[in-house]
Amino acid sequence: QMPLVEFGGGPVQAGGSLRLSCRVSGIPFKGIHVAWFRQAPMKEREFVALADWDDHARYSDSVRGRFTVSRDGPRKEVFLQMEKLKPKASAVYYCAGGTILGTTGDLYSYWGPGTQVTVSA
């Protein structure tokens, strides 16, 4: 079992919605910030959103107003609700955890294997 594992990816039509989840195990859920990143083929990894250990959210400009990140403490899950999806959102989505709060991937110690999101036009 990996410390972080993503669920919920798949194909979706433009304008549709998906909810991703990041399941945390083996590490203290309350002791880490959890961020979402995405990476499309031949593109750099991109910050999407985060929920810090106080459940305060931060979003990239590209998704603000359409994506919502939240934490469920008892379930030890972090959700990314994605609305009004656009084809440019197609990417592998990763959740990342760590004790340092920020929007760059180098700050995070734990990474899930990723889940593919494909938005068709």
Side-chain angles (χ1 to χ4, degrees):
Q1 179 72 4
M2 301 183 68
L4 305 178
V5 180
E6 304 91 345
F7 297 91
V12 62
Q13 293 184 343
S17 302
L18 278 179
R19 189 185 72 162
L20 306 182
S21 65
C22 175
R23 196 167 299 166
V24 179
S25 63
I27 56 176
F29 182 75
K30 294 182 179 180
I32 59 169
H33 312 293
V34 178
W36 289 93
F37 294 85
R38 65 188 179 190
Q39 188 166 24
M42 302 186 68
K43 300 290 186 180
E44 292 186 349
R45 183 175 56 200
E46 176 188 17
F47 168 76
V48 178
L50 66 81
D52 70 19
W53 53 37
D54 293 319
D55 203 16
H56 298 311
R58 186 182 300 176
Y59 301 95
S60 70
D61 290 342
S62 63
V63 307
R64 186 177 295 109
R66 297 182 296 108
F67 288 17
T68 303
V69 64
S70 60
R71 299 171 67 119
D72 186 324
R75 293 182 60 88
K76 297 182 179 181
E77 288 188 82
V78 179
F79 301 101
L80 183 67
Q81 179 69 37
M82 305 185 293
E83 307 284 350
K84 301 177 181 179
L85 283 163
K86 302 174 181 179
K88 65 181 180 180
S90 296
V92 177
Y93 283 70
Y94 301 91
C95 63
T99 58
I100 303 174
L101 182 63
T103 60
T104 57
D106 61 293
L107 300 175
Y108 292 87
S109 300
Y110 307 100
W111 291 81
T115 186
Q116 177 73 50
V117 173
T118 303
V119 185
S120 60

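Count residues from 1 along the sequence.
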Inspect the surroundings of CZ in R75 and state if more than 12 heavy atoms from other residues, nucleotides or ligands are less than 6.0 Å away.
-> no
When every non-hydrogen atom of A14 is compared with those of P87, the smallest separation belongs to CB-CD, 4.1 Å
Pairs satisfying disulfide (SG to SG under 2.5 Å), at least one member in residues 35-92, at least two apart = none
How long is the gap from NE2 on H33 to CG on D55, to the nearest 0.5 Å?
-> 12.5 Å
Ignoring hydrogens and geometry, is there a side-chain-to-backbone donor-acceptor pair from D54 to H56 under 3.5 Å?
-> no
Non-hydrogen side-chain atoms of L50 and Y108 separated by less than 4.5 Å | yes
Members sharing V48's hydrophobic cluster (side chains within less than 4.5 Å) = L4, V12, L18, L20, V24, I27, F29, I32, V34, W36, Y59, V63, F67, V69, V78, L80, M82, L85, Y93, Y110, V117, V119
Using a 3.5 Å cut-off and no angle test, enumerate the donor-acceptor pairs between side-chain atoms of residues 96-107 and protein atoms at least two apart in sequence or in another chain.
unit_1 : atom_1 : unit_2 : atom_2 : d
T104   : OG1    : D106   : OD1    : 2.7

Do F79 and W53 belong together in a cluster built from hydrophobic side chains that touch within less than 4.5 Å?
-> no
Reported CD-to-CD distance for the pair E6 and Q116, which is rounded to 0.5 angstrom | 12.0 Å
State the OG-NZ distance between S21 and K76, to the nearest 0.5 angstrom.
-> 15.5 Å
Residue pairs passing the salt bridge (Lys or Arg N to Asp or Glu O under 4.0 Å) test where at least one lies in residues 15-44, sequence neighbours excluded = R23-E77, R38-E46
Mark yes or no for whether T118, through its side chain, and P11, through its backbone, hold a donor-acceptor pair below 3.5 Å.
-> no
Residues in salt bridge (Lys or Arg N to Asp or Glu O under 4.0 Å) contact with R58, at least two apart in sequence or another chain = none
Do you see a donor-acceptor pair shorter than 3.5 Å between the side chains of E83 and S17?
-> yes
Who else is in V5's hydrophobic cluster (ILVMFWY, side-chain heavy atoms under 4.5 Å, direct or via others)?
-> M2, F7
When rounded to the nearest 0.5 angstrom, what is the spacing between CH2 in W111 and OH in Y94?
-> 8.5 Å
